[in-house]
Amino acid sequence: MATNDITRLWTFSDGSQAPDAPPPVTDAQLDEFEIRYGIKLPPEMIKLYQQQNGGFSERHLFSFWSIQLGKNSDITTLSSLIDDHDEDGLESIWKKQLGDLNRVFIILGDGHFYFVLNYNEIRDGQPIVWYVSDEVVRSTSLNFADWLFSDGGAA
């Protein structure tokens with residue numbers, strides 16, 4: 001992708017879009033999500049989800065999780081996954097690196113790794129994107145928009 005054109009993120013290199021792409025997120029879904037968790041999503045993320053509520057991005061080679069579609073891949077807190085991962089003792093590792101896991105939101109991942117928005121680390125009013133995989137927890141040092149178009153955002 002030659003430019004940082006958020007309107008093209010859901011478009012594949014051949015100009016097509018996923019036939020099973022979810023519809024755009026509604027204002028009601030956004031409001032409910034932000035009120036429930038007491039956060040404000042990054043403006044660029046809102047623009048992206050107003051086009052399509054999650055789904056596959058060829059640039060990232062993984063599906064972005066959706067906002068409140070009632071599926072297994074809805075954006076949720078990292079703390080909600082502890083039951084799936086705590087047999088490995090990861091909760092204390094994750095908390096040490098990320099802080100309060102109820103303020104860390106998974107935006108994409110496959111069950112083995114995740115990219116998350118860490119609301120415990122705010123820069124210029126926006127959360128920082130982190131990479132989490134078992135015992136590997138690293139900050140990208142980028143906000144959502146910068147991460148989205150960085151080489152670090154590509155899988």
Side-chain angles (χ1 to χ4, degrees), residues 6 9-10 18 20-155:
I6 205 161
L9 192 69
W10 299 122
D20 59 348
V25 70
T26 66
D27 289 342
Q29 287 172 311
L30 282 170
D31 290 345
E32 183 181 336
F33 181 86
E34 291 179 336
I35 290 168
R36 178 191 307 167
Y37 292 109
I39 63 166
K40 182 72 177 147
L41 292 171
E44 292 81 1
M45 186 173 186
I46 291 171
K47 287 178 192 172
L48 184 66
Y49 279 65
Q50 286 173 330
Q51 296 170 35
Q52 180 178 310
N53 189 2
F56 186 76
S57 165
E58 186 177 59
R59 174 171 170 70
H60 295 276
L61 301 179
F62 280 95
S63 288
F64 282 89
W65 291 16
S66 62
I67 295 174
Q68 298 180 319
L69 287 181
K71 297 181 181 177
N72 291 342
S73 59
D74 282 355
I75 295 174
T76 188
T77 63
L78 194 55
S79 66
S80 69
L81 297 185
I82 289 302
D83 289 343
D84 297 334
H85 292 284
D86 204 34
E87 69 275 0
D88 300 324
L90 296 177
E91 182 175 14
S92 62
I93 294 168
W94 291 353
K95 280 183 179 180
K96 182 178 180 183
Q97 295 291 318
L98 296 162
D100 181 358
L101 300 182
N102 288 309
R103 297 192 45 77
V104 179
F105 294 84
I106 302 165
I107 56 174
L108 69 83
D110 69 356
H112 301 287
F113 81 90
Y114 307 97
F115 280 99
V116 301
L117 293 177
N118 186 353
Y119 280 82
N120 296 307
E121 183 182 5
I122 303 290
R123 250 185 245 142
D124 298 323
Q126 294 197 29
I128 298 301
V129 177
W130 283 64
Y131 173 83
V132 178
S133 174
D134 295 332
E135 295 180 11
V136 177
V137 181
R138 292 199 176 112
S139 175
T140 66
S141 299
L142 301 170
N143 66 31
F144 181 78
D146 292 341
W147 168 81
L148 191 61
F149 294 104
S150 72
D151 289 337

For the CG atom of Asn102 and the CG atom of Asn120, what is their distance to the nearest 0.5 Å?
9.5 Å
Looking at OG1 of Thr76 and OH of Tyr114, how far apart are the two atoms once the value is rounded to the nearest 0.5 Å?
10.5 Å
Exercise: identify the closest heavy-atom pair between Asn118 and Val104
OD1-CG2, 3.6 Å
Drop me the distance from Phe115's CZ to Leu108's CG, to the nearest 0.5 angstrom.
6.5 Å
Between the CG atom in Asn143 and the CG atom in Leu148, the distance rounded to the nearest 0.5 Å is 10.0 Å
Looking only at non-hydrogen atoms, find the nearest pair between Ile75 and Ile106 and report the distance.
CG2-O, 3.3 Å
Show the nearest heavy-atom pair for residues Arg123 and Ser141, with the distance to one decimal.
NH1-O, 3.2 Å
Donor-acceptor contact below 3.5 Å, side chain Thr26 vs main chain Gln29:
yes
Could you check whether the rings of Trp147 and Phe64 sit parallel, tilted or perpendicular, using 30° and 60° as the cut-offs?
perpendicular
Show me the side-chain donor-acceptor pairs of residues 41-49 shorter than 3.5 Å, one per line, residues at least two apart or across chains.
{"residue": "Tyr49", "atom": "OH", "partner": "Trp65", "partner atom": "O", "Å": "2.6"}

Flag yes if more than 12 heavy atoms outside Asp27 fall under 6.0 Å of its CG atom; otherwise flag no.
no
Kindly state each residue pair satisfying salt bridge (Lys or Arg N to Asp or Glu O under 4.0 Å) with at least one member in residues 92-109, sequence neighbours excluded.
Glu91-Lys95
Euclidean distance, Ile128 CD1 relative to Leu117 CG, rounded to 0.5 Å
9.5 Å
Closest contact, heavy atoms only, Trp130 versus Glu121:
NE1-OE1, 2.7 Å
For Leu90 and Asp134: C-alpha separation, side-chain torsions, deciding distance, then whether side chain to side chain contact (heavy atoms under 4.5 Å, CB included) applies.
CA-CA 6 Å; Leu90 296 177; Asp134 295 332; 3.7 Å; yes
Looking at every non-hydrogen atom in both residues, tell me the closest pair between Thr140 and Val129 and how far apart they are.
OG1-O, 2.6 Å
Any heavy-atom pair between the side chains of Gln52 and Pro22 that's under 4.5 Å?
yes
Side chain to side chain contact (heavy atoms under 4.5 Å, CB included) assessment of Phe33 paired with Val25
CA-CA 11 Å; Phe33 181 86; Val25 70; over 6 Å; no
Close side-chain approach of Pro24 to Asn53, heavy-atom, < 4.5 Å
no
Taking all atoms of both residues into account, what is the closest heavy-atom pair of Ser133 and Phe113, and its distance?
CB-CB, 3.9 Å
